Amino acid sequence: MNINKTLLTLGLASAATLGMAMGDDGAGVADSRPNPLLQESTLPFGAPDFSRIQPSDYLPAIKAGISLQRERIAGIVADKQAPTFENTILAFEESGALLERVTSIFFALVSADKTPEIAETERIVTPLLTDLENEISFNKQLFERIKYVYDHEYDKLEGEDKKLLEEVYKDFVRSGALLSEEKMARMKQINMRIAELQQQWGDMLPDATNHAVVWVESREELAGLSDADIAQCAKDAQSRGGKAPYCIVIINTTQQPLLTNLDNRDLRRRVYEASVHRADGTGSFNTFPIVTEIARLRAEKGQLMGYADYASYSLEKTMAKTSDNVYAFLRQLIAAYQPKAKAETEAIEAYARKTMGNDFQLQPYDRFYYSAKMKKEMLNISDDEVKPYFNIDSVQINGVFYAANRVYGLTFKQRKDIPTYHPDMKVFEVIDKNGQPIALFYSDYFRRPTKRGGAWMSEFARQSHKRGQLPIIYNVCNNAKAPDGQPSLLTWDEVTTLFHEFGHALHGILSNCQYSKLSGTEVARDFVEMPSQFNESFATIPDIFDHYARHAVTGLPMPADLKQRMLSSINFHSAYALGENLAATCLDLAWHVLPPSEVPSADKAPAFETQALKDIGLLDAQIPPRYSTSYFNHVWGSGYAAGYYSYLWTEVLAVNIADCFAARGALKPEVGQDFRQKVLSRGNTLDLMQMFSDFTGMKSPDASALLKARGL
């Protein structure tokens with residue numbers, strides 16, 4: 001359960017109804033200093049005022065939000081009038097107003113700036129929020145009112161009102177509102193325990209990843225790395241205690257980008273092994289006890305709800321519908337992928353043997369290194385050659401924002417007067433083509449020890465006409481920040497990540513919905529990744545690429561020859577990227593199609609992972625999963641359980657949409673407006689396949705387009 005996203009679909013309203021600040025005990029004790037989280041923000045858009053918010057403010061504010069929602073739920077239940085859409089559904093939608101606002105801010109810090117004080121607050125509030133979720137989900141009197149409205153008004157309502165009623169009713173049913181008393185009691189216990197375990201995961205995995213850094217004693221050991229990368233290694237070592245002059249930081253994925261250029265094979269091995277063993281018990285951290293207990297509890301939850309397993313329960317609300325449909329989709333890709341992967345591996349090993357000898361055995365930590373050398377020799381291109389043209393500031397302003405301007409008519413005005421939770425953040429006011437401000441957008445791009453790995457989008461506030469709330473959206477990444485005075489340069493993969501996450505941001509920024517619960521990215525997992533993956537397509541469109549790919553020092557555009565070589569190399573050895581994604585996807589499903597009795601014990605988890613990959617035809621030492629079980633945060637710490645397949649599923653949708661854009665004119669404003677109107681603005685107000693069809697004219701997605709787009 002992701003409390004921030006699962007529980008807090010309950011609404012937003014004015015904190016002014018509390019009328020007083022809360023003391024640190026959250027009991028309503030007057031304090032000489034008003035809690036800014038319990039007051040209406042005076043900043044534009046109602047943005048959080050981080051210049052006034054202190055870490056000690058979150059706990060009393062969350063407790064106040066919990067108390068207020070309880071009070072409002074009690075008022076709904078006590079209403080003597082017959083249940084109606086207005087007095088029950090809308091009242092419920094707005095009941096969690098203060099709580100959503102406060103926790104949206106708090107959980108942003110939990111992920112991106114988790115100081116010890118924030119971590120301690122999270123430890124305290126997690127069971128409180130889970131208690132509230134259970135209390136609401138299993139409130140029989142409340143559900144009876146909701147069911148009455150569903151039974152008596154559903155056929156009479158239209159548009160978003162009808163969709164809101166449907167979503168609220170189904171949420172309660174899926175949470176267990178129709179369970180027997182005995183099963184309901186057990187579901188409460190499961191929810192509470194999963195919340196505790198996910199908090200343990202959220203504490204352990206970042207610590208494990210931070211401790212997995214590889215210390216390096218001399219500059220000579222870093223041979224092959226650029227001067228900028230070596231300087232970053234020195235900076236990282238200093239920020240992590242200086243146990244050695246240099247260190248290599250481990251990022252969230254299995255493979256590590258620095259292995260592409262690192263000449264020292266033994267150091268490559270150490271880095272790779274530090275990555276794959278960061279949390280499997282080989283060192284100081286072992287997440288397998290957490291993983292296996294979560295998997296067992298999820299399986300039990302699925303069966304309590306009447307499904308064979310957790311995947312069946314989870315997928316019922318998605319576009320895919322069943323695990324059989326997902327596996328059919330994946331097996332189609334695997335069959336086409338396997339011969340490509342085999343040929344790719346053989347080619348890399350044969351190339352390495354030219355210099356290393358005929359007995360050289362390619363290892364997973366060698367693959368990126370020799371693949372890069374092959375690419376350099378065959379296509380005359382390397383990351384170090386192109387990185388100077390990918391200054392992060394230019395990519396954001398002249399690439400990501402420029403594309404949004406060309407396609408959707410948006411402009412971006414930096415607001416240095418709006419405070420942030422960290423000095424690295426930037427804030428932009430988003431202005432529509434008619435000159436009206438429509439959103440705030442925050443970017444937090446640089447890694448730090450208090451930030452979890454990966455990249456993501458979320459919001460401080462979702463768009464809602466009902467609340468008069470414009471969207472306040474943020475993107476978070478983990479790019480290396482260059483030493484002061486030097487430009488921060490990106491790899492091509494990091495460039496596409498900025499475009500990707502901003503695709504999510506646009507889904508929130510361009511939302512045009514009545515209700516918060518239906519707005520922006522509040523859609524099924526196997527649809528939500530489509531706008532982000534589609535937005536990546538703009539990174540390579542010549543007019544966009546030429547606008548941002550400029551040398552960080554001279555400002556000159558990337559030379560035509562280099563550009564051609566770089567773009568032609570994007571799909572070089574692309575079987576690897578597909579394979580690592582397929583392997584991670586199949587691991588996710590393997591864990592979630594198990595009944596409770598078949599979930600392995602913690603010590604058997606590694607063997608289970610190996611067997612699951614072997615059974616599906618993806619056990620390949622050369623192409624390991626993008627995330628192995630012990631550090632698969634999407635699945636165990638976030639909302640992608642039985643849903644990681646959505647990245648591939650939505651890539652098909654995204655490729656189909658990109659093809660449609662290309663045919664109609666990728667940068668034509670009228671095409672962007674059509675996509676905005678039919679898809680990005682709609683949130684979850686219409687059937688998702690209908691939205692896809694309304695824009696593309698296709699009755700169903702064309703999966704064959706994915707392999708073509710990947711050069712396979």
Side-chain angles (χ1 to χ4, degrees), residues 1-2 5-6 174-176 186-187 190-191 193-198 200-202 205 279 287-331 333-334 524-529 580-602 604-619 625-650:
M1 180 186 61
N2 184 335
K5 292 299 182 188
T6 305
R174 286 182 56 79
S175 295
R186 177 56 184 155
M187 185 67 85
I190 290 173
N191 289 343
R193 182 57 181 158
I194 289 177
E196 293 171 353
L197 291 166
Q198 287 193 312
Q200 292 175 23
W201 170 276
L205 184 61
T287 60
F288 283 132
I290 299 173
V291 164
T292 51
E293 189 175 354
I294 290 176
R296 196 172 297 112
L297 290 169
R298 284 177 177 164
E300 183 182 353
K301 184 173 184 174
Q303 291 194 345
L304 277 175
M305 291 300 299
Y307 297 85
D309 47 55
Y310 184 81
S312 299
Y313 163 70
S314 177
L315 290 168
E316 185 265 341
K317 63 179 181 178
T318 67
M319 294 180 75
K321 301 301 182 185
T322 69
S323 56
D324 285 345
N325 289 341
V326 176
Y327 273 121
F329 168 71
L330 294 174
R331 287 191 172 100
L333 293 178
I334 291 169
R525 285 291 183 197
D526 56 4
F527 190 83
V528 76
E529 293 295 335
E580 66 169 357
N581 196 320
L582 284 167
T585 295
C586 291
L587 276 184
D588 169 30
L589 285 172
W591 280 104
H592 291 106
V593 295
L594 297 173
S597 61
E598 293 183 16
V599 175
S601 58
K604 299 293 195 302
F608 173 81
E609 174 174 315
T610 299
Q611 190 62 45
L613 292 173
K614 183 178 181 181
D615 290 345
I616 200 72
L618 291 171
L619 183 62
R626 183 169 175 84
Y627 306 98
S628 285
T629 298
S630 62
Y631 49 93
F632 205 161
N633 188 65
H634 286 76
V635 170
W636 309 115
S638 192
Y640 282 81
Y644 193 71
Y645 77 93
S646 62
Y647 283 97
L648 290 170
W649 184 278
T650 54

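Atom set for the values below is all heavy atoms of this structure, side chains included, hydrogens, waters and symmetry mates excluded. Numbers for residues simply follow the sequence, beginning at 1. Fair warning: this is a prediction, and the values are worked out from it, not measured in the lab.
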Working to the nearest 0.5 Å, report the span between CD1 of Ile190 and CZ of Arg298. 12.0 Å
What distance separates Leu330 CG from Trp649 CH2, expressed to the nearest 0.5 Å? 9.0 Å
Got a salt bridge between Arg193 and Glu196, using NZ or NE/NH1/NH2 to carboxylate O under 4.0 Å? yes
Within the structure provided, determine whether Arg174 and Tyr313 are in side-chain contact (heavy-atom separation under 4.5 Å). yes
Which heavy atom in Pro600 sits nearest to a heavy atom in Leu594, and how many Å separate them? CD-CD1, 4.0 Å
Measure across Ala605 and Phe288 and return the closest heavy-atom pair with its distance rounded to 0.1 Å. CB-CD2, 3.4 Å
Check for a donor-acceptor pair, side chain of Ser314 on one end and backbone N or O of Tyr310 on the other, with a separation under 3.5 Å. no
Which atom names give the shortest non-hydrogen contact between Val599 and Ala295, and what distance separates them? CG1-CB, 3.9 Å
Partner of Trp591 under side chain to side chain contact (heavy atoms under 4.5 Å, CB included), picked from Val635, Ile294, Thr292, is Thr292
Give the intermediate values and the outcome of side-chain contact (heavy atoms from CB on, under 4.5 Å) for residues Leu315 and Asn325. CA-CA 10 Å; Leu315 290 168; Asn325 289 341; over 6 Å; no
Tyr631 and Tyr627: which non-hydrogen atoms are nearest, and at how many Å? CE1-CA, 3.9 Å
Could you go through Phe329 and Leu648, starting from their C-alpha distance and side-chain angles, then the distance that decides it, and tell me whether this counts as side-chain contact (heavy atoms from CB on, under 4.5 Å)? CA-CA 9 Å; Phe329 168 71; Leu648 290 170; 3.9 Å; yes
CA sep, side-chain torsions, deciding dist, call: Tyr640, Phe632, ring pair (Phe, Tyr, Trp, His ring centres under 6.0 Å): CA-CA 10 Å; Tyr640 282 81; Phe632 205 161; 9.1 Å; no
Quick one: pull up SG in Cys586 and CD1 in Ile616 and give me the separation to the nearest 0.5 Å. 4.5 Å
ring-ring contact (aromatic ring centres under 6.0 Å, His included) filter on Tyr327, not counting sequence neighbours, yields none
Does any pair with a residue in residues 625-649 pass salt bridge (Lys or Arg N to Asp or Glu O under 4.0 Å), and if so which ones, sequence neighbours excluded? Glu580-Arg626
From Leu587 CG over to Leu582 CG, what is the distance, rounded to the nearest 0.5 angstrom? 11.0 Å
Once you round to the nearest 0.5 Å, how far does CD of Glu609 lie from CD of Gln611? 12.0 Å
Should Thr318 and Val326 be marked as a side-chain contact (heavy atoms from CB on, under 4.5 Å) after you check the CA-CA gap, both sets of side-chain angles, and the distance that decides it? CA-CA 11 Å; Thr318 67; Val326 176; over 6 Å; no
Can you list the steps and then say if Phe608 with Thr629 is a side-chain contact (heavy atoms from CB on, under 4.5 Å)? CA-CA 10 Å; Phe608 173 81; Thr629 298; over 6 Å; no
Should the ring pair Tyr644 and His634 be called parallel, tilted or perpendicular, given that the plane angle runs from 0 to 90° and is split at 30 and 60? perpendicular
Going by atom types only, do Ser312 and Asp309 share a side-chain donor-acceptor pair under 3.5 Å? yes
Give, for atom CZ of Arg525 and atom OG of Ser638, the distance between the pair rounded to the nearest 0.5 Å. 5.5 Å
For a quick check under 3.5 Å, do Thr287 and Trp636 share a side-chain donor-acceptor pair by atom type? no
